[in-house]
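Residue numbers begin at 1 in each chain, while the letters A, B, ... track the order of the sequences. The analysis underlying the following values was restricted to heavy atoms, covering all of them including side chains, and did not include hydrogens, waters or symmetry mates.
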Protein chains: 2
Amino acid sequence: MRRPDPSGRPTIVKIAAALDISPSTVSRAFTRPELLHPDTVAAVKAHALEVGYVPNQLARGLVSGRANAIGIVLPDIANPFFPPLIRSIQHTAHESGLSVFIADSADDAGREQELIHDLGPQVHGIINISSRMASRDLQRLAESHNIVLINRDIADMSRVLVDTAPAIAQAVEQLTALGHHHLAYVGGPKASWSNASRSKAVIDAGRRHGVIVDTYDTRLGSYDEAWEATHALVATGATAAIAFDDVMAHGLLNGFAARGVRTPEDISIVGCDDTLATKTQPELTTIAANLDETARTATNILLAHRGRSRVAATRGVQTAQLLPGGSVGPATAVAR
Amino acid sequence: MRRPDPSGRPTIVKIAAALDISPSTVSRAFTRPELLHPDTVAAVKAHALEVGYVPNQLARGLVSGRANAIGIVLPDIANPFFPPLIRSIQHTAHESGLSVFIADSADDAGREQELIHDLGPQVHGIINISSRMASRDLQRLAESHNIVLINRDIADMSRVLVDTAPAIAQAVEQLTALGHHHLAYVGGPKASWSNASRSKAVIDAGRRHGVIVDTYDTRLGSYDEAWEATHALVATGATAAIAFDDVMAHGLLNGFAARGVRTPEDISIVGCDDTLATKTQPELTTIAANLDETARTATNILLAHRGRSRVAATRGVQTAQLLPGGSVGPATAVAR
DNA sequence: CTGTGTCGTGCAAACGTTTGCAAAAAGACG
DNA sequence: CGTCTTTTTGCAAACGTTTGCACGACACAG
């Protein structure tokens, strides 16, 4: 057969030959050293280091049935909410010797499904963040894949959720106390669980405090859409806006500013996810949880089941906190 | 041996058995359909679709010597410069049926080396963005790996560079024409080629136009460092600042604002990379290239050599453009 | 008909590991 | 020193593909 480069990468077999022992022994020196004589392990490791041996994960995964890798599937890498999660997942996985695939579905549920499907055989499992897929499609995929969801709540599937409801309730309460009687929720991506859950939290809290809550839906939840929404918002008389995330809050901030509406004097703004809160002027009041922990939890759910056939359904909840900034102030009369 | 689930994923062998043909034929139906009778191909594909067959990339990569995957290694996923590149690389790779590994080195050259080393056997090649490694270490790695660098210029290695020098020269010229005689360059990450090259471009252009150029070095090139730098900057009498990137430009903008220095009335600011230019107030004047194309070029260099043993050294250059915003204005006398 | 191609398919080896089982070596004990 | 354990090692099969080679079938020319 093909012999690409005769002196290719060192393999277990070559090391075994050089040391005049069996390949199994070399293999075990790395995977089950406690089974071997310490001297043997030392000799193997020394030689391996010398020749620069790196275990071939493909062969490893092939025989053991599952690769030493996990996948991340998400709607849009460029959304600042995701990169910190990715980083944290990758670091956690790396500690266990796993590599990480990344796949961006461009906000397309069909593509998302395809990516999970294609990634399936080469990974131990997949962390699917802010999935846009239909629940039944996810459940079907979960029959043949280890899937852990982040910010998507589906019964019988493993998931880690950031619960923003308490902090949103707190924000609404504070706004009410400051004299705001008319709030607006500026919504994010349609198919997003986070959006549905935040929207509901604002409406519920508004109802409890007897204030008006308008809801502005957007398609993608982008900065530009939020910017544009300010046009409609100024006309309603709302004195405070809660945005789906910080990117949109930022869009509101700048959109209002462009229309001569000052924050927080004329309008109060609350963001979410703390992706750029301290970088705006004024600094955003926002709502956020510890994403590092969210990511680690999700990754560990996946890793806990290495070897086991199926990941048992788990539900992890992370509670977000209200982080006061300078974008909230007392209500004032506004042109309506 | 281990038989985890008797009726596991469909394989080529099972399909072959079901259709009463040889596994080779099934394999060829996917990889070399032109060798087969069209009817055979159709039958195989139909059956494969029905049972939900997905080729096992591990086995595939094992026998063919290289995996159907590439890796991305970079210093910090959370830096907004990278995600668009990642997305573009992943999409391009996906079109060729390749998956993408992501690895974040946390700005640590040692870790970067380790990640490339570990990823090596499971990928066809690695795109190393803004590498922090020493040149000789990279060159040594390149002996045993297909590596394409982005924003790192090393002879005899494949690389794609964003050339900001012409646009920086143009910016300096414009600033000079507006009466600025004292510029500052606020530098980014120490080990970054982009930083070295931008710094040099500012200094060279300043010299040509006979203006003073101060250089402020930072360790990481962060927003906060830029913010802090404004303290020192206001004392020097510089009337314009060119920042390593938009994140730092943003830090300058807000840092100056906090000190009562207005942009562009009191200070002009030029950013780089166009990661958030339109989202600041005023909008940043910035310098940027088409990252999509950069990413695609790098990916294609890697893909062009599938099967070939080694990727030939290539040098691609993308020229960045000056994008006028509202953060540059005429020079005014400033307290010095 | 026989010889020569061409096309479609099958055989079997190989890729680099892991791992169940069994054999060999080394200690323990009387 | 035998015998019995325990520790350490080796053998060989298996994972799911790809691919060099060869064989059979069929077509067409001579």
| said: Does C:dT17 have OP1 or OP2 under 4.0 Å away from a side-chain N or O of A:Ser27? | reply: no

* Asked: Checking all strands, does A:Arg28 fall into the base, sugar-phosphate, or nothing category for heavy-atom contacts under 4.0 angstrom?
  -> base

Between A:Arg87 and B:Asp76, is the closest basic N to carboxylate O distance under 4.0 Å? yes

Closer than 3.5 angstrom, by distance alone: can the side chain of B:Ser96 be matched with the main-chain N or O of B:Leu98 as a donor-acceptor pair?
no

Separation of C:dT18 atom P from A:Gln57 atom CD, nearest Å, is 9 Å

Taken to the nearest whole Å, CG/B:Asp20 to C1'/C:dC11 is 15 Å

When rounded to whole Å, the CG to C1' distance for the pair A:Leu58 and D:dT17 reads 11 Å

query = Within the side chain of B:Ser158, is there an N or O that forms a donor-acceptor pair under 3.5 Å with the backbone of B:Thr314?
reply = yes

Between NE2 of B:His37 and P of C:dT9 the distance, given in whole Å, is 7 Å

message: Taking only side-chain N and O atoms of B:Thr25, does any of them lie within less than 4.0 angstrom of OP1 or OP2 on C:dT9?
response: no

In this structure, CG of A:Leu149 is separated from OG of A:Ser135 (nearest 0.5 Å) by 9.0 Å

- Task: May I ask you to check whether A:Gln57 and A:Ser99 show a side-chain donor-acceptor distance below 3.5 Å?
- Result: no

Practice problem: Using a heavy-atom cut-off of under 4.0 Å over every strand shown, decide if B:Phe30 touches base, sugar-phosphate, or nothing. | Solution: nothing

Winner on side-chain proximity to B:Leu62, out of D:dT18, D:dG16, D:dC11, is D:dG16

Out of C:dG8, C:dT17, D:dT18, minimum distance to the side chain of B:Ser64 belongs to D:dT18

B:Glu34 atom CD is separated from C:dT9 atom P, nearest whole Å, by 13 Å

When rounded to whole Å, the CG to P distance for the pair B:Leu36 and D:dT18 reads 13 Å

Rounded to whole Å, the CG-C1' distance (A:Asn68 to C:dT17) equals 11 Å

Its dot-bracket string being built from Watson-Crick and G-U pairs below 3.5 Å, with | for another strand and [ ] for crossing, DNA chain D has the pattern ||||||||||||||||||||||||||||||

Against the side chain of B:Thr40, the closest entry in C:dG8, C:dT18, D:dT18 is C:dG8

| said: Strictly distance-based, threshold 3.5 Å: is any side-chain N or O of A:Glu112 a donor or acceptor partner for the main-chain N or O of A:Arg132? | reply: yes

Rounded to whole Å, the CG-P distance (B:Asn56 to C:dT17) equals 16 Å

Of B:Ile21 and B:Ala59, the one whose closest nucleotide on DNA chain C sits nearer the 5' end is B:Ile21

B:Ser24 side-chain N/O to C:dG10 phosphate OP1/OP2 under 4.0 Å:
no

Heavy-atom closest pair (B:Val44 atom, B:Ala29 atom, distance to 0.1 Å) is CG1-CB, 3.6 Å

